[in-house]
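Below is one structure, written out as structure tokens; comments come after it.
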Amino acid sequence: MASGDDDDPIIQEIDVYLARSLVEKLYLFQYPVRPASMSYDNVTHLAARIKPKQQKVELEVAMDTMSPNYCRSKGEQIALNVDGTSSEDSNVYSTKMMDKQTFSSIQATTNTSRYAAAVFHKGELHLTPLQGILQMRPSFSYLDKADTKHREREAANEAGDSSQDEAEEDVKQITVRFSRPESEQARQRRIQSYEFLQKKQAEEPWVHLHYHGLKDGRSEHERQYLYCQAMDTAENTELVKTPREYLSMLMPPLAEEKVVKPMGPSNVLSMAQLRTLPLGEQVKTLMKNVKVMPFANLMGLLASGTDSTAVLRCIQQVALLVQGNWVVKSDVLYPKNTCSSHSGVPAEVLCRGRDFVMWRFTLERTLMRKEVAAIIKLPPEDVKDFLEQMSVPRLNRGWEFLLPTDHDFVRKHPDVAQRQHMLWLGIQSKLEKVFNFSKDDFVPKKDAQMDPVHLSGDQRLKSAKENARENHSTMQRELDARRLKASRHTGSSSESAASVQVKQEPMSDSEEPMDTSGPLTNGSINGYPNSTSPVSDPHNGHGHTFTPELQDFVRSTFRKHYVLCLSEVKRLFNLHLASLPTGHSVYGHVTDRMLQDTILQSQCKQILVPFPPQSNTTADEQKVFGLWESGETFDKHRQVLFEIFMKNYRVRRNVIQTRLTQELGDAVTKTDVDRLLKECCMSLGGMWYLKGTVPS
């Protein structure tokens, strides 16, 4: 928080007061059909009226009939259509000319609880809540009156043309009918109908108002009520809140449904209450309290006769197998949307760090606290909390796992142990991407599935000698076969080859022959074959060379897209193959390894994006490649961007801008950043991702 406060210093503090004199009386009028520069402040207002329940307002505004923009003939025609030729007090336009305009309101929003009118005066801000926000628009009700007048005149003309000889109307028979009782459904439909709502709105009477101009004395008097009238009294406490109350107002707590069920205390378990819970909840509650437990102890805490198979199913949902013992899962101890009680670190980050500690204990018995903290980069209190849950400190040895390895459980349940081993491999791959490490950094390469076998020194020496003799005889047979083959193909060299004798030095008991049975990898650069060396195909056992056609496809593809994941490269390559003519087999059989090696040899580089642990991307989608060198000066911009995404899964634009300025100087322009983001990135929710890494 301290670093955030330094970046955003407080410039000024302003006292805020809540004025309540005009509460339920203050409205905001908006005129959306007229620009702000052409207000109605200086226009004569003839009448005003309001329907308070509906928040409906009408204003009659005088029109300037002497303006050069006013068409008198049109104004007289409209007045004639509305009022006719008669002169009555009920006429809309008494001057026989359209000399006024009516504005009618509609509600801009029905909920104004978040809106207030503010006045800033002498360093103080006074707020008055708004009762309503109304948009004033021109009303064309006079056209309806003109239509009504027109229909009345037509009806009168038709009545005048009727025959005058008929002294009285024809006698008509009238049938009296009684209405049926209205059902509840029919009543609800009638109440919700448009006609009923219009009728109810029309029933509310208009309240006539007096309009006072902007500079009128009454307006100035009412404007004083926008200031808080009780600034020095103890009643003005609406805006005085403690930090906790203010935070609660900003983020109200969610109302959760409370279900009363027996739960054990956090430190002491009541076995009577525990056994009233379902089996899954019993196992979860025990593991949350004990943290680490052998399976035999867990069965002893449960009721006698409990099915061990059912317990195994439940324990795998809330715990992981570490050295034959069960350790509670991190997401059980740190549920989602929680944080550390020591440092406030989110639960998601805590789970990653604790999973790393658990994974290390699957490889070795002891850990050093400093080494763990250097990798997971969490506060010391949280790291110590992780270690205390599953280990004990040993003098000069670090932290040792709490329980001895349970070989009996692994031997009795090999299927569970194998399943847990595969689960740990998946967790390991995620941790490697998040913390940017390799398993080889901690342990030598070995088969993690095999149980450790303890051999004495004499046994190891004897085994090494046997392997050496077997390798020696194998190499001798291969050498003899090569000599025989060479002698058949070359005549002159066969005699010299046959005459060459390799002196066989006797081996002492303390020496072992060098194992040269494995092939030597020649022509490789940093573990990747160069452009002239063959590429080994692990699927069919023979080598392939880079084809120029495949290299051309990869180069052209990355010069067009700049950033691609392996799955997208394979998709584009399959589309390219589909577009080729029938029988075109210049590429041959292209494996995933060949395609990756070709990408790395085409001025591209793999970008190790630290995907989040909860990411559902596939292995091919997590292999992201970017064009590292294309021969243009813009390569430096891309390289800086790729280095940023090797440490961050997603970043903001200002981070990229700052890093480019630091690396390349002030010559970096907004255009350069826009081009870089367009070529290599995609935006989602205000954050920027490399192409192909946006979460679905």
Side-chain angles (χ1 to χ4, degrees), residues 1-20 28 113-130 226-228 230-254 337-350 352-353 373-374 376-383 610 612 637 640-641 643-674 676-677 681 683-689:
M1 293 298 294
S3 61
D5 293 342
D6 295 340
D7 296 339
D8 190 12
I10 298 175
I11 303 300
Q12 183 181 2
E13 293 187 1
I14 300 173
D15 292 333
V16 181
Y17 297 93
L18 184 63
R20 308 188 65 86
L28 174 65
S113 60
R114 297 172 53 243
Y115 298 93
V119 180
F120 186 71
H121 179 67
K122 295 182 180 181
E124 298 172 349
L125 187 65
H126 298 260
L127 302 178
T128 303
L130 289 175
L226 292 175
Y227 299 99
C228 181
M231 296 170 54
D232 299 330
T233 63
E235 297 178 358
N236 189 27
T237 59
E238 291 87 349
L239 299 181
V240 179
K241 303 293 182 184
T242 64
R244 183 175 297 277
E245 291 174 344
Y246 180 66
L247 184 61
S248 178
M249 291 171 62
L250 291 178
M251 296 183 295
L254 297 177
N337 299 326
T338 61
C339 59
S340 168
S341 59
H342 303 293
S343 59
V345 175
E348 178 184 349
V349 181
L350 292 175
R352 289 202 297 262
I376 64 179
K377 295 180 175 58
L378 286 176
E381 296 85 358
D382 293 322
V383 178
H637 295 69
V640 172
L641 180 71
E643 290 174 355
I644 294 175
F645 278 103
M646 287 183 185
K647 299 179 181 179
N648 302 277
Y649 171 55
R650 58 181 184 178
V651 295
R652 295 191 179 274
R653 179 191 174 98
N654 60 345
V655 175
I656 300 174
Q657 176 90 40
T658 304
R659 182 67 181 277
L660 288 172
T661 304
Q662 292 175 353
E663 298 291 337
L664 306 178
D666 297 333
V668 179
T669 63
K670 180 179 180 297
T671 306
D672 296 337
V673 179
D674 291 340
L676 185 65
L677 295 176
C681 300
S683 176
L684 177 65
M687 305 295 291
W688 288 90
Y689 303 77

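Only this structure's heavy atoms are used, side chains among them; waters, hydrogens and symmetry mates stay out.
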Over all heavy atoms of both residues, which pair between [X] and [Y] is shortest? Give the atoms and the distance, please.
X      : Y      : result
Arg652 : Trp688 : C-CD1, 4.3 Å
Ser683 : Gly686 : OG-N, 4.4 Å
His637 : Val668 : NE2-CG2, 4.3 Å
Leu378 : Val383 : O-CG2, 3.8 Å
Ala19  : Pro129 : O-CD, 3.7 Å

Report yes if some heavy atom in the side chain of Asp672 is under 4.5 Å from a heavy atom in the side chain of Leu660; otherwise report no.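 Asp672 vs Leu660: side chains apart.
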Interatomic spacing from [atom1] in [X] to [atom2] in [Y] - rounded to 0.5 Å:
X      : Y      : atom1 : atom2 : result
Leu125 : Tyr17  : CG    : OH    : 10.5 Å
Arg653 : Lys670 : CZ    : NZ    : 5.5 Å
Thr669 : Gln657 : OG1   : CD    : 8.5 Å
Leu664 : Arg659 : CG    : CZ    : 10.0 Å
Asp382 : Ser341 : CG    : OG    : 7.5 Å
Glu348 : Leu350 : CD    : CG    : 10.0 Å

Thr671 and Asp674 side chains, donor-acceptor separation under 3.5 Å: no
Do Glu643 and Lys647 sit within salt-bridge range, that is, some charged N less than 4.0 Å from a carboxylate O?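 No.
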Can you check whether Leu226's main-chain N or O pairs, donor with acceptor, with His126's side chain at less than 3.5 Å?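 Answer holds: no.
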Donor-acceptor check, side chain of Ser248 to backbone of Arg244, threshold 3.5 angstrom: yes or no? no
Check whether more than 12 heavy atoms from other residues, nucleotides or ligands sit under 6.0 Å from atom CZ of Arg650, and answer yes or no.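 Open.
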Knowing that exactly one of Leu641, Val651, Leu676 qualifies, which makes a side-chain contact (heavy atoms from CB on, under 4.5 Å) with Cys681?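 Filter result, single survivor: Leu641.
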Among Thr658, Ile644, Val640, which residue satisfies the side-chain contact (heavy atoms from CB on, under 4.5 Å) criterion with Glu663?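 The option that passes is Val640.
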